[in-house]
Structure formats: structure tokens, C-alpha cells
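Presented below is the structure to which this report refers.
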Amino acid sequence: MNIENAKSQMRKGMLEYCVLLLLKHRPSYASDIIQQLKNAELLVVEGTLYPLLTRLKNDGLLQYEWQESTQGPPRKYYALSKEGEKFLEGQDAAWQELSNTINYLKNVTPKLLEVKN
């Protein structure tokens, strides 16, 4: 098995959650979201992000507004909707559960194996 493929699948699974986390803090436009994800070492291309933003908006989790730009055409700024904020709370709880599970398995499994033998 290729570790890069496994990492890619993990990133895909986390991308939605990461985007929602970023938008929790402030409205952002797509290029800014990509840069913030890059700063967090989660590399994403526009071809991946735009369909995700569209789906989240269509699902009622995001809203957007156009804002004038001093450097070109108006930009579409995305923000969490009220429904998106509630959804993110659920994502936070799910992430905590997953994190607890992974930490448990990483730290306790050897002890459990000793008990079974």
C-alpha cells in the first residue's frame, strides 16, 4: 500500500471539516481559504475547493456575499450559515470522538494484547 494514497484519503476526509473551521473565524474567499489551508500544510487546489464550497452552500451550511476588491473583480466571500454553525458543532464532537479513539488505540492496544495472552 502506498502511504501517499493513504494520506490523500485522510486529507479528503478532513477537508470539509477544515474549511468549516476556517470559516468559523471569519468570512473568506476561495483563494484565501486555499492559502490558509496551505499554511496549515493541507494542500488543496481550486479544482477541489470550488465544488466543495458549492456543495456546502447548496446544503445550506454556507452563505456568501460579493465584496468589491481593490485588485480586480468583486470577490465571493463565504461564511458559515446558522445551520453551518450547528453542523460544525456536530463535526467538532465527531472529531473529538475519532481523536479519542485513535489516541486510545495508539496508547492502550499493547496493554490489551498483554492481558489477552
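Because the structure is a prediction, the values reported are computed rather than measured. The analysis underlying the following values was restricted to heavy atoms, covering all of them including side chains, and did not include hydrogens, waters or symmetry mates.
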Checklist outcome for this item: Here the gap from Thr54 atom OG1 to Tyr78 atom OH, rounded to the nearest 0.5 Å, amounts to 5.5 Å
Item to check | Results of side-chain hydrogen bond (donor to acceptor under 3.5 Å, both in side chains) for Glu85 - residues two or more places apart only | outcome: none
Which atom pairs, one a donor and one an acceptor, fall under 3.5 Å between side chains of residues 12-19 and the rest of the protein, sequence neighbours left out?
| residue | atom | partner | partner atom | Å |
| --- | --- | --- | --- | --- |
| Glu16 | OE1 | Arg55 | NH1 | 3.2 |
| Glu16 | OE1 | Arg55 | NH2 | 2.5 |
| Glu16 | OE2 | Gln91 | NE2 | 3.0 |
| Tyr17 | OH | Asp92 | OD1 | 2.5 |

Checklist entry - Looking at residues at least two apart in the chain, or sitting in another chain, which of them share a side-chain hydrogen bond (donor to acceptor under 3.5 Å, both in side chains) with Glu83? => result none
Item to check | Over 12 foreign heavy atoms within 6.0 Å of NZ, Lys57 | outcome: no
Checklist entry - Asn103: what forms a side chain to side chain contact (heavy atoms under 4.5 Å, CB included) with it, not counting sequence neighbours? => result Ser99, Asn107
Next on the checklist: List the residues meeting side-chain hydrogen bond (donor to acceptor under 3.5 Å, both in side chains) with Asn2, not counting sequence neighbours, and say none if there are none.
Outcome noted: none
Please list every donor-acceptor pair under 3.5 Å in which a side-chain atom of residues 40-50 meets a protein atom from a residue at least two apart or in another chain.
none

Item to check | Distance (rounded to the nearest 0.5 Å) between Lys38 NZ and Ser31 OG | outcome: 10.0 Å
Next on the checklist: Show every ring pair (Phe, Tyr, Trp, His ring centres under 6.0 Å) that has at least one partner inside residues 27-47, sequence neighbours left out.
Outcome noted: Tyr29-Tyr77
Item to check | Value rounded to 0.5 Å, distance of CG in Leu56 from CG in Leu20 | outcome: 5.5 Å
Checklist entry - Which pairs with one or both residues in residues 25-37 pass salt bridge (charged side-chain N to carboxylate O under 4.0 Å, His left out), sequence neighbours excluded? => result Arg26-Asp32
Item to check | side-chain hydrogen bond (donor to acceptor under 3.5 Å, both in side chains) partners of Asn5, counting only residues at least two apart | outcome: none
Next on the checklist: Main chain of Glu4, side chain of Ser8: is a donor-acceptor contact present, judged purely on distance under 3.5 Å?
Outcome noted: no
Side-chain polar contacts of residues 61-70 - donor-acceptor pairs under 3.5 angstrom, sequence neighbours left out - could you list them?
| residue | atom | partner | partner atom | Å |
| --- | --- | --- | --- | --- |
| Glu65 | OE2 | Gln67 | NE2 | 3.1 |
| Ser69 | OG | Gln71 | N | 3.0 |

Checklist entry - Taking a hydrophobic cluster as the set of Ile, Leu, Val, Met, Phe, Trp and Tyr residues connected by side-chain heavy atoms closer than 4.5 Å, whether directly or through intermediates, do Leu98 and Phe87 fall within one such cluster? => result no
Checklist entry - Rounded to the nearest 0.5 Å, what separation is found between the CG atom of Leu88 and the NZ atom of Lys24? => result 5.5 Å
